[in-house]
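What follows is a single structure, written as structure tokens, with notes after it.
Keep in mind that the numbers below use all heavy atoms, side chains included, and drop hydrogens, waters and symmetry copies.
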Amino acid sequence: MARPWWAPGQATPLPMGTRTATLCDSEASYDVDVYAVTIPGGQELRAKLTFDGNVGDLDLLLIDAAEATLASSEGVTAVEELSYPAASE
């Protein structure tokens, strides 16, 4: 699936660990936040996105460098969650 809003080189590297951040500058702004992660072999990535569902709807996707969707959460509630196990080394 072509994603005109994303290219692999545009992703911001994200270290392992817990991250809390504000993704949108204001209710009026619309942007796409793209991060690059490396999942060590045998480990699992777990991501949870919480937001004010009265303001809008966000989706959470895990996409590889070939643009294949590995996991997604595209619901209509104020929480999106996904997990993805990395292959063992």
> Considering residues at least two apart in sequence or located in another chain, which fulfil the side-chain contact (heavy atoms from CB on, under 4.5 Å) criterion with Pro85?
Replying inline: none
> Atom OG1 in Thr69, atom OH in Tyr84: separation rounded to 0.5 Å?
Replying inline: 11.5 Å
> Say you draw a straight line from OG of Ser83 to CZ of Arg46; how long is it, rounded to the nearest 0.5 Å?
Replying inline: 8.0 Å
>> On a heavy-atom basis, which atom in Gly41 and which in Ala86 lie closest, and how many Å separate them?
In response: CA-CB, 4.4 Å
> With Leu60, which residues qualify under side-chain contact (heavy atoms from CB on, under 4.5 Å), at least two apart?
Replying inline: Ala47, Leu49, Ser73, Glu80, Leu82
> Between Leu62 and Leu45, is a side-chain contact (heavy atoms from CB on, under 4.5 Å) present by the stated rule, with each step listed?
Replying inline: CA-CA 10 Å; Leu62 179 62; Leu45 171 74; 3.8 Å; yes
>> Using 0.5 Å steps for rounding, measure from the CG atom of Leu61 to the CG atom of Leu70.
In response: 10.0 Å
> Partners of Ser72 by side chain to side chain donor-acceptor pair (under 3.5 Å), sequence neighbours excluded?
Replying inline: Glu74
>> Between Phe51 and Val79, is the side-chain contact (heavy atoms from CB on, under 4.5 Å) condition met? List the steps.
In response: CA-CA 7 Å; Phe51 53 94; Val79 177; 6.0 Å; no
